[in-house]
Amino acid sequence: VPCGVCRQCRRHMPEHCNGAERRQAISGLMADGTSRLRYDGAPAYPFFGVGSLAEYSTVRQEQAVKIDDDLPLDEFCLTGCGVVTGVGAVLNTADVQIGDTVAVIGCGGVGINVIQAAKAAGATKIVAIDAITEKLELAKSVGATHGIDARGDVAAELAAIEPEGADVAFEVVGRPELMEAALSYTRAGGTAVMVGIPPMGSKFTFDAFSVNANRRILGCRGGSVIAERDIGRLVTMYRGGALDLGILVGQRIDLDSVFTALDALGSSTFARSVVTF
Ligand SMILES: [Zn+2]
């Protein structure tokens with residue numbers, strides 16, 4: 001919920017809004033400063049202001065984006081986070097160009113969408129990097145032109161595909177050492193985009209001279225998404241066949257199976273679980 005009046009909003013960067021309304025909304029508070037939800041009579045707060053995994057929630061009107069009735073909700077539920085993040089990383093943050101070579105480290109529920117958007121943006125070579133074979137296959141099925149097993153010599157394999165390095169390398173895992181790797185995979189003048197969320201306080205190091213060669217390191221929080229602008233763009237991509245959402249759904253589970261699915265996240269061979277109720 002960009003407030004429209006803070007310094008960031010006035011600089012036309014509402015994705016960085018720091019206004020009170022937005023901070024309240026993320027805390028699950030309505031405009032009057034209260035929560036509409038109760039648990040055993042006491043105030044309860046929807047997780048992240050959304051109410052993930054709740055059967056019902058109350059959110060502000062500005063937080064809701066209406067989509068057409070014929071779109072499948074058990075696929076479009078994915079657009080609220082991982083899909084807008086992956087697509088936004090390509091279109092909002094990196095601004096991938098036609099003919100670019102793109103490397104994507106991590107081909108899960110976000111990375112797969114980086115690949116789909118890179119293809120839609122016109123990238124010629126899209127190199128998927130992951131340690132799980134099934135995820136590399138998934139990546140190729142949505143547009144990756146090459147797959148590299150992360151357990152091997154990634155730098156050498158990438159150099160064989162694109163000797164100068166990638167125009168854009170995305171880190172979509174959230175591990176500092178992979179952010180170092182992403183930067184090292186770029187060509188002079190190339191861009192490394194940090195999409196994954198690293199542990200707070202973690203650090204990564206890089207060869208300062210390599211950045212002197214006009215390389216850029218870009219942070220990317222949630223794909224710099226403005227929901228009212230970007231959800232509609234996802235619908236257009238979906239209808240035009242540029243965005244496959246069904247392929248992301250590895251399993252459909254009920255609410256009682258949520259914790260088992262969360263435990264299995266680190267080793268899953270598919271992109272996403274969808275909870276139906
Ligand atoms: Zn604002």
Side-chain angles (χ1 to χ4, degrees), residues 75-76 78-150 152 154 157-158 160-162 165-175 178-179 181-183 185-187 190-197 218 220 222-225 230 233-250 265 268-272:
E75 292 184 7
F76 263 81
L78 298 171
T79 62
C81 188
V83 178
V84 278
T85 297
V87 173
V90 172
L91 302 181
N92 297 334
T93 309
D95 194 19
V96 168
Q97 300 292 307
I98 292 170
D100 273 356
T101 291
V102 166
V104 182
I105 306 173
C107 302
V110 181
I112 288 294
N113 304 306
V114 171
I115 290 166
Q116 299 201 74
K119 183 184 178 192
T124 305
K125 293 179 188 168
I126 302 173
V127 184
I129 303 163
D130 203 293
I132 297 174
T133 309
E134 288 88 347
K135 288 189 173 169
L136 289 178
E137 292 306 317
L138 196 61
K140 286 181 182 172
S141 72
V142 294
T145 54
H146 302 76
I148 297 179
D149 188 328
V154 177
E157 288 193 53
L158 185 62
I161 296 164
E162 192 61 83
D167 296 291
V168 187
F170 295 89
E171 198 278 356
V172 203
V173 181
R175 282 167 43 186
L178 296 179
M179 295 182 170
L183 184 63
Y185 297 158
T186 59
R187 63 163 168 79
T191 304
V193 184
M194 309 313 181
V195 187
I197 303 173
L218 299 182
C220 176
S224 294
V225 161
D230 292 326
R233 184 159 65 181
L234 297 181
V235 172
T236 303
M237 288 175 70
Y238 179 86
R239 290 207 189 280
L243 184 65
D244 189 337
L245 296 176
I247 202 166
L248 299 171
V249 184
L265 259 184
S268 67
T269 55
F270 51 83
R272 279 289 185 262

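Excluded from the calculations below are hydrogen atoms, water molecules and symmetry mates; all remaining heavy atoms, backbone and side chain alike, are included.
Thr79 is linked by a side-chain hydrogen bond (donor to acceptor under 3.5 Å, both in side chains) to nothing, counting only residues two or more places apart in sequence or in another chain. Listed by chain and number, the residues in a side-chain hydrogen bond (donor to acceptor under 3.5 Å, both in side chains) with Arg233 are Asn92, Asp230 (sequence neighbours excluded).
Of the candidates Arg187, Glu162, Lys125, Thr101 forms a side chain to side chain donor-acceptor pair (under 3.5 Å) with just one, namely Glu162.
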Item checked: side chain to side chain contact (heavy atoms under 4.5 Å, CB included) evaluation trace for Asp167 with Gln97 -> CA-CA 9 Å; Asp167 296 291; Gln97 300 292 307; over 6 Å; no

Next item on the list: Applying side chain to side chain contact (heavy atoms under 4.5 Å, CB included), run through Met194 and Leu178 and close with a yes or a no.
Entry: CA-CA 9 Å; Met194 309 313 181; Leu178 296 179; over 6 Å; no

Next item on the list: Carefully, step by step, assess Tyr185 and Ile105 under the rule side chain to side chain contact (heavy atoms under 4.5 Å, CB included).
Entry: CA-CA 10 Å; Tyr185 297 158; Ile105 306 173; 3.7 Å; yes

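Between Thr191 and Thr186, the closest heavy-atom pair is O-CG2, 3.4 Å. Counting all heavy atoms, side chain and backbone alike, Ile129 lies closest to Ala150 at CG2-CB, 4.0 Å.
Interatomic distance, CG of Leu234 versus CG of Leu91, reported as 9.0 Å (0.5 Å rounding). Rounding to the nearest 0.5 angstrom, the gap separating the CD1 atom in Ile115 from the NZ atom in Lys119 is 11.5 Å. Taken to the nearest 0.5 Å, the CD1 atom of Ile197 stands 10.0 Å off from the SG atom of Cys220.
Looking at Lys135, its side chain never comes within 3.5 Å of a backbone N or O of Ile112 through a donor-acceptor pair.
More than 12 heavy atoms of other shown residues, nucleotides or ligands fall within 6.0 angstrom of atom CD1 in Ile161.
A heavy-atom distance below 4.5 Å is found between the side chains of Arg272 and Val110. Put simply, the side chain of Cys107 does not reach to within 4.5 Å of the side chain of Leu138, judged on heavy atoms.
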Show me the donor-acceptor pairs, under 3.5 Å and distance only, between side chains in residues 236-250 and residues at least two apart or in other chains.
residue, atom, partner, partner atom, Å
Thr236, OG1, Gly232, O, 3.1
Tyr238, OH, Glu75, OE1, 3.2
Arg239, NH1, Asp70, OD2, 3.0
Arg239, NH2, Asp68, OD2, 3.0
Arg239, NH2, Asp70, OD1, 2.9
Arg239, NH2, Asp70, OD2, 3.3
Asp244, OD1, Gly246, N, 3.1
Asp244, OD1, Ile247, N, 3.0

